[in-house]
Amino acid sequence: MLGFEFMWANAVKPRETIMQDARFIAAHQLHCRYAAVADGAGGMGVFVDKWAQKLVNALPDMPFATPAHLADWLLPIAIDFFETHEPEAEQKKLTELFWDEGSAATLCALWLNYAEQERTLATYCIYGDSPCMRYQPNIGQLMMPPHLSRLSDFSGRTNLLNWSAYHQFKPDCCHIHSFEPVAGEIILLASDALAQLVLTRYLLSQPDKPECVSQLQQAAAASGLHRQLIAANQKADLPDFENWLHNLLQTLTPPNQTESPLFKELLYDYYQQGLIDDDDYTLIAIHAVAPVV
Amino acid sequence: MSQNPHLPVTGSNQTGNLIATGNKLLQQAKGAYSAKIRRDQPTALVFLIDQSGSMNEGELDIEGVSMNKASATARIINKTLSELINRSTTREIELANYVYVSIIGYGLNGKVDFAWSGKLKGKQWVGIVELNEAAEYVKIVKEKKGPNGTKKLVEYQAKSWIQPIADARTPMLAAMTMATKLVDEWIKNGHQNSYPPVVINITDGEATDATNNELIEAAKNIKQLRTNDGHVLFLNCHLSDVEGKAVIFPDDIGQLPNNSYAKTLYEMSSVMPDVYNDIIQGQLAVAATKSSMRGMSFNTDGSRLIKFLNIGSYSK
């Protein structure tokens with residue numbers, strides 16, 4: 001039976017003090033292990049940091065079977081959040097914004113549950129552009145979720161979970177997938193800026209693959225920001241993807257330990273070099289470990 | 001159990017081509033409306049407001065309330081400025097001067113002047129921080145929908161800076177000339193690397209101090225101004241008494257009714273840069289494939305007019 005090691009880190013957007021990403025890991029019980037990242041949408045509504053945290057804190061022990069299940073879970077959370085924060089919105093003269101735009105965030109949650117014959121089934125639920133990625137070092141392959149399979153899929157506006165009835169839940173935008181992790185693979189939950197850096201570094205490490213070249217060209221054509229980031233990453237003096245990813249993962253810590261400043265220092269350095277967009281950075285890594293025989 | 005689609009897992013020629021392409025694209029990206037709007041690198045927004053007598057007429061629905069053109073203009077500008085303040089508040093803690101705003105009115109006493117009133121009277125540029133501090137508040141009561149869809153009447157305080165004015169003639173050329181000088185000086189005063197300023201003109205009728213050709217030439221003077229990140233954008237809102245289908249971000253002059261003034265405003269308006277395609281589509285459901293959209297609206301309804309102004313004023 002596979003074992004799973006959880007590591008994480010986050011860093012607030014450069015020059016800011018309030019983090020709008022939220023994260024959660026529940027790994028203390030063998031039958032109940034899950035992790036989540038939520039990215040509060042700073043460009044919409046208010047109290048987005050609190051909303052993102054509310055979402056990850058309220059996740060159930062078992063995965064959502066269907067989008068309808070997520071919708072049913074969301075409504076009482078939405079009502080509670082609204083009732084809790086309406087007085088604060090009034091006190092801060094944010095009433096109109098609070099009512100009209102609500103609070104919005106992405107959500108990426110992954111559950112690890114036992115299947116029969118000591119196999120583990122992983123199920124992720126994604127709403128928005130914070131992806132669950134899988135990297136298999138033995139074959140050098142990075143897998144992305146279907147709705148974020150290409151770098152250009154990160155361009156443009158994303159779908160967001162909002163408590164407000166003016167921004168309704170769209171079942172078609174809720175992506176639920178299951179897979180069986182293999183020994184040695186690394187599952188990554190990340191907020192979008194960091195996820196795009198991971199994908200960009202991977203694509204640039206595959207110059208002989210027309211599909212990868214095509215993705216980079218398509219992303220560059222879709223967005224001026226992607227053009228700049230891709231070009232800067234091309235010029236950067238960084239190791240090959242596997243070693244680069246290893247260096248990144250070395251800056252993470254287990255959730256029950258004090259975090260080191262290395263992750264923040266590394267990401268801020270990448271930002272200064274123009275390799276990553278200006279945003280909060282959150283990463284959870286789950287390493288699937290083969291059992292010791 | 002489903003499997004995710006995976007990426008290809010291994011050409012120095014291709015690598016070299018990729019690097020060369022990347023360098024070229026990076027070069028092209030410069031001056032492409034990509035400068036970050038920061039407190040140490042703010043941008044500028046100028047409103048030109050028609051205050052002529054005819055603005056006292058007409059009927060626009062702004063968020064469920066019917067009002068004349070002057071009241072509608074004041075209401076949507078106040079709302080846009082309020083939205084700008086919300087967007088300039090860093091993570092709900094600190095308001096910072098990401099944008100400097102100027103409002104030029106034309107028509108009051110037949111003249112052109114800065115239209116600030118109250119604590120801001122006499123000011124030219126006003127930063128967001130000062131704008132917020134100088135806001136007056138008006139009570140608004142509106143029906144709103146809660147998270148479970150239940151409706152209730154909600155009372156809140158809306159910020160206000162300008163009042164509706166409808167007075168005399170329409171010296172639009174003089175207003176545009178004043179705006180050109182104002183923006184040119186702002187750029188030269190240490191803002192050469194800023195995101196390009198935006199000038200938004202809201203009018204209902206013909207200018208009384210210029211021919212159509214003179215207005216088009218004056219608009220060129222505004223559009224020729226630039227920072228290192230791109231040309232100043234000039235947007236026009238036409239609140240017309242002429243019958244005609246509402247038009248927003250048109251890409252062909254033929255989409256407008258056969259009215260010389262609407263067509264003049266079209267010619268005066270900037271072609272929107274491609275970077276605006278996504279947000280225009282997202283906000284207004286206008287096809288993003290259009291590559292020659294003009295920053296213009298004609299007889300647009302209240303809610304779309306607010307979105308038009310939000311798009312033009314960095315609020316969205």
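Protein chains get the first letters and strands the later ones, always in sequence-line order, with residue 1 at the start of each.
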Looking at [X] and [Y], what are the two nearest heavy atoms and their distance?
X        : Y        : result
A:Ala165 : B:Pro147 : CB-O, 3.8 Å
B:Glu83  : A:Leu97  : OE1-CD1, 4.3 Å
B:Lys145 : A:Tyr166 : N-OH, 2.8 Å

Check whether more than 12 heavy atoms from other residues, nucleotides or ligands sit under 6.0 Å from atom CD of A:Glu90, and answer yes or no. no
Greater than 12 external heavy atoms within 6.0 Å of B:Glu136's CD: no
Pairwise side-chain contact, [X] with [Y], heavy-atom cut-off 4.5 Å (strictly under):
X        : Y        : result
A:Asp100 : B:Lys144 : yes
B:Lys159 : A:Glu96  : no
A:Arg15  : B:Arg38  : yes
A:Trp99  : B:Lys142 : no

Leading residue by heavy atom contact count with chain B [cutoff under 4.5 Å; candidates A:Leu75, A:Asn233, A:Ile79]: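 The option with the most such pairs is A:Ile79.
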Could you tell me which portion of A:Glu83 (side chain, backbone, both or neither) has an atom closer than 4.5 angstrom to a non-hydrogen atom of chain B?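 No part of it gets close to chain B.
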Please state whether the side chain, the backbone, both or neither of B:Lys36 comes within less than 4.5 Å of a heavy atom of chain A.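 Looking at B:Lys36, just its side chain touches chain A.
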Contact origin within B:Lys152 toward chain A - heavy atom pairs under 4.5 Å: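 Interface part for B:Lys152: side chain.
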